[in-house]
K.L.:
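First, the structure itself, so that you have it in front of you.
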Amino acid sequence: MDEIRDATSEVACDVLVIGGGTAGPMAALKAKLRNPAARVVLLEKANVKRSGAISMGMDGLNNAVIPGYATPEQYTKEITIANDGICDQAPVYKYAERCFEIIQELDRFGIRFQRNHNGDYDVKKVHHLGTYVLPMPNGDTVKKALYRQLRKAQVLISNRFMATRLLNAPDGAVAGAVAVNTRTAEFLVIRAKAVILCLGAAGRLGLPHSGYLWGTYENAANSGDGYSMAYHAGAGLANLECFQINPLIKDYNGPACAYVAGPFGAYTANSAGKRFIECDYWSGQMMQEFYNELQSGNGPVFLKLDHLHADTVSEIETILHKVERPSRGRFHENRGTDYRERMVEMHISEVGFCSGHSASGVFVDEFARTTVPGLYSAGDMANVPHNYMLGAFTNGAVAGEHAIDFAGEIDLPPIDAEAVARERARVLAPTKREDGIPPNQIEYKTRRFVNDYLQPPKVTAKMEIGQRRFSEIREDLENRMVARDSHELMRALEAASILDCAEMAAHASLFRTESRWGLYHNRTDFPEKNDADWFCHTILRKRDGRMVSEKRPITPYLVPIEAQERGAYDRQRVRKQA
Ligand SMILES: Cc1cc2nc3c(=O)[nH]c(=O)nc-3n(C[C@H](O)[C@H](O)[C@H](O)COP(=O)(O)OP(=O)(O)OC[C@H]3O[C@@H](n4cnc5c(N)ncnc54)[C@H](O)[C@@H]3O)c2cc1C
């Protein structure tokens, strides 16, 4: 087992990027290309070559805004409506304007996208209004292609370092981060003029129905460390009550997947094989209809492909079983499921935080700036709704370029040696005990209570009990958790992030006393949407050591939304035929 070594080293850089999945490599690359003389460090808990949500590849771009198919105005409108109006449009619009340039750049890196007979990008329609889905037949090359670019640009990569806390300068600005080696437990203090958080979703918040702790929809290494670090550094986190819940293949941690199979004619159906939703694009209202069907006696819910021609199914299999989830074909084979013969059972995923698929993330503006000076965020953990992979790449680029310019204007901020010592003591506490509760038991208990008390439909009395249970778990975590080697230490630190996220999820959900975003924030005690009081962001932050929430107005729209357009995503249920 990995021993625990007692050592600390310190490095300094201009820009520190934490998280080498999707947004992080692009942020680091763009920062370095803009100022090749600068020191840019990319810090990753796993190995940048195969880390993050796209580790095995990706089937396609969910939200490509390609001239001729969609406009930035149209996309901004689509996302504003899909997110029930709770959207600062500037970052969404900026993404929409910039993402085509990023697609072309990725194409040049060797990540080719599907083209039609005319040689144009072969974009498919899945969303309610526009056409944005661009398949990536060789999407399994994404990470390799990115890694080559990082090496070429000489970005400094630190693999196997798990960031645990950010460091603040005396004026509150970010000053760096503390990290611990996942194989040796050695400490690394990284001083930086700017830090970009790209640590992905909080994917290990709820427990999956499969029963596996790490059988999550999200990349399981994304344990919410980024959300926890942003919170402790004083950054505002937006709309955390807008949980992520996705349709999944039952007992398998892969999407169903409407984006791939939908354009070929597959659809979501009930047990009678009937369509019950108009549009398979994932939104809170779509998930609410999915949930209603599961509860109604018409379930289970299925992905229906058995009406398609065998050749079409083979084409779908070539994509679904090869690129994003290579284990998917084996899963079906072991269960004896052939798409041609029967429908594939689906279910709903565990809850999590994620902006990539919903809207729960660290608050950022159109330059990816958080509310803490010098601290940026991009990708699934930054609050730009429905942002997905191309959003991570594009906003990673925006963050990298802005951060390197910002770093060029300031001196290295001072760090607080006492804060570093306190963090060392916190991190190592579980290693100082001879005996106690292993981290996986703390994690299991937290996540089971998340399912018991926070899973929508959300009930006030249950969430309040949940809060009490989380404080009891904190007692155990802080006083009785034991880590016997450096691997277990990483799990112990993850358990702490998961508990922070559980507490934030309960706090944010209790604050918004209305229902919004369909199933994502369905509160039984406040079943109606209440625009008069709640047409706003909620911002959660740590103030004087306590968790507080407040309202923040929505910035006036850049792209107006007509009254009749606003409810487009509410009308999801297939109307009865005469
Ligand atoms: C199953 C699945 C299917 C998807 N399918 C599609 C699709 O077809 N099309 C599409 O457009 N989008 C898709 N998405 C969404 C897309 O993949 C994500 O939005 C995007 O990859 C998120 O990028 P990110 O950089 O925020 O996170 P990630 O790529 O997950 O990167 C986060 C990184 O942070 C690292 N990390 C975490 N904690 C720490 C720590 N404490 N210290 C250091 N490093 C840390 C992780 O190891 C990881 O490498 C899918 C997502 C999933 C989960």
Side-chain angles (χ1 to χ4, degrees), residues 16-27 42-64 99 103 126 132-136 139 142-143 146 158-166 177-182 188 190 196-204 216-229 244 246 248-249 252-260 282 319-320 323-325 328 349 352 354-358 361-362 377-382 384 386-396 399 490 493-494 496-497:
L16 167 65
V17 182
I18 308 179
T22 314
M26 190 57 100
L42 177 59
L43 190 96
E44 166 58 45
K45 187 190 215 175
N47 187 318
V48 176
K49 275 187 187 165
R50 274 281 179 227
S51 67
I54 61 170
S55 58
M56 299 307 286
M58 228 4 101
D59 290 337
L61 299 176
N62 288 349
N63 53 341
C99 70
I103 296 174
V126 174
Y132 309 102
V133 175
L134 179 58
M136 293 163 61
V142 176
K143 286 294 282 191
L146 271 176
S158 283
N159 286 318
R160 307 275 172 216
F161 272 100
M162 173 180 182
T164 65
R165 283 285 189 270
L166 292 167
V178 176
V180 62
N181 189 294
T182 60
L188 181 62
I190 314 116
I196 308 176
L197 295 176
C198 304
L199 295 85
R204 266 157 60 201
T216 49
Y217 171 80
E218 286 298 338
N219 163 42
N222 295 349
S223 43
D225 307 337
Y227 287 77
S228 169
M229 286 166 61
Q244 162 174 257
N246 292 331
L248 279 191
I249 290 189
Y252 178 74
N253 58 340
C257 166
Y259 294 151
V260 173
W282 297 1
I319 305 169
L320 285 183
V323 181
E324 192 176 299
R325 288 284 192 275
R328 183 177 175 135
S349 74
C354 179
S355 266
H357 289 93
S358 58
V362 176
S377 185
D380 279 356
M381 64 165 290
V384 184
H386 298 239
N387 216 11
Y388 305 101
M389 174 174 52
L390 189 54
F393 281 135
T394 307
N395 293 344
M490 173 177 65
L493 293 165
E494 290 176 342
S497 301

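Counting starts at 1 for both ligands and their atoms, following the listed order. The analysis underlying the following values was restricted to heavy atoms, covering all of them including side chains, and did not include hydrogens, waters or symmetry mates.
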K.L.:
Would you check if the side chain of Lys143 reaches a backbone N or O of Gly21 as a donor-acceptor pair within less than 3.5 Å?
P.N.:
yes
K.L.:
With heavy atoms under 4.0 Å as the rule, classify the contact between Ala23 and ligand 1 as side chain, backbone, both or neither.
P.N.:
both
K.L.:
Under a 4.0 angstrom heavy-atom cut-off, which atoms of ligand 1 come close to Ile54?
P.N.:
17 (O), 21 (O)
K.L.:
May I ask you to list the atoms of ligand 1 that are less than 4.0 angstrom from any heavy atom of Phe161?
P.N.:
42 (N), 43 (C)
K.L.:
Taking Val48's backbone N and O only, do any of them form a donor-acceptor pair with Asn159's side chain (distance below 3.5 Å, no angle check)?
P.N.:
yes
K.L.:
Ignoring hydrogens and angles, tell me if any N or O in the side chain of Ser228 forms a donor-acceptor pair with the backbone of Gly224 under 3.5 Å.
P.N.:
no
K.L.:
For ligand 1, indicate whether the residue Leu199 contacts it via side chain, backbone, both or neither (heavy-atom separation under 4.0 Å).
P.N.:
both
K.L.:
Check whether any side-chain N or O of Asn63 sits under 3.5 Å from a backbone N or O of Asn387 as a donor-acceptor pair, and report yes or no.
P.N.:
yes
K.L.:
Which ligand 1 atoms does Ala392 reach within 4.0 Å, using its non-hydrogen atoms?
P.N.:
23 (O)
K.L.:
Between ligand 1 and Glu218, is the shortest N or O to N or O distance under 3.5 Å?
P.N.:
no
K.L.:
Taking N or O atoms only and a 3.5 Å limit, does Asn63 qualify as a polar contact for ligand 1?
P.N.:
no
K.L.:
Donor-acceptor pair, Ser349 side chain versus Asn246 backbone, under 3.5 Å?
P.N.:
yes
K.L.:
Main chain of Arg204, side chain of Thr216: is a donor-acceptor contact present, judged purely on distance under 3.5 Å?
P.N.:
no
K.L.:
Taking 4.0 angstrom as the limit and counting only heavy atoms of Tyr388, give me the atoms of ligand 1 inside it, by number and element.
P.N.:
10 (C), 11 (O), 12 (N), 19 (O)
K.L.:
If you count the atoms of ligand 1 from 1 in the order shown, which ones are under 4.0 Å from a heavy atom of Gly379?
P.N.:
26 (O)
K.L.:
Is there a side-chain contact between Ile18 and Met229 in this structure, where contact means two heavy atoms from C-beta onward sitting under 4.5 Å apart?
P.N.:
yes
K.L.:
Tell me whether Glu218 contacts the main-chain N or O of Gly203 through its side chain, where contact means a donor paired with an acceptor under 3.5 Å.
P.N.:
no
K.L.:
Could you tell me whether some N/O pair between Asn253 and ligand 1 is separated by less than 3.5 angstrom?
P.N.:
no
K.L.:
Which atoms of ligand 1 have any heavy atom of Cys198 under 4.0 Å away?
P.N.:
32 (C), 33 (C), 34 (O)
K.L.:
For ligand 1, which atoms, with element, lie under 4.0 Å from some heavy atom of Arg325?
P.N.:
1 (C)
K.L.:
Which ligand 1 atoms, with their elements, are less than 4.0 angstrom from a heavy-atom of Gly60?
P.N.:
7 (C), 8 (O), 9 (N), 10 (C), 11 (O)
K.L.:
Do the side chain of Arg160 and the main chain of Asn181 share a donor and acceptor less than 3.5 angstrom apart?
P.N.:
no
K.L.:
If you measure from each non-hydrogen atom of Met162 to ligand 1, which part falls under 4.0 Å: side chain, backbone, both or neither?
P.N.:
both
K.L.:
Distance check, rounded to the nearest 0.5 Å: Asn62 atom CG versus His386 atom NE2?
P.N.:
11.5 Å
K.L.:
Check each of His357, Met229, Met389, Lys143 against atom 51 (C) of ligand 1 and report the one with the nearest heavy atom.
P.N.:
His357
K.L.:
Hey, is ligand 1 close enough to Ala46 that some N/O pair sits below 3.5 Å?
P.N.:
no
K.L.:
Mark yes or no for whether Arg325, through its side chain, and Asn253, through its backbone, hold a donor-acceptor pair below 3.5 Å.
P.N.:
yes
K.L.:
Heavy atoms only, cut-off 4.0 Å: how does Tyr217 contact ligand 1, side chain, backbone, both, or neither?
P.N.:
both
K.L.:
Would you check the N or O atoms of Gly24, main chain and side chain alike, for any that come under 3.5 Å of an N or O of ligand 1?
P.N.:
no
K.L.:
Going by heavy-atom distance to atom 30 (O) of ligand 1, choose the closest among Asn222, Ile319, Asn62.
P.N.:
Asn222
K.L.:
Pick whichever of Gly391, Ala163, Ala177 has a heavy atom sitting closest to atom 42 (N) of ligand 1.
P.N.:
Ala163
K.L.:
What's the spacing between Met389 CE and Thr22 OG1 if we round to 0.5 Å?
P.N.:
7.5 Å
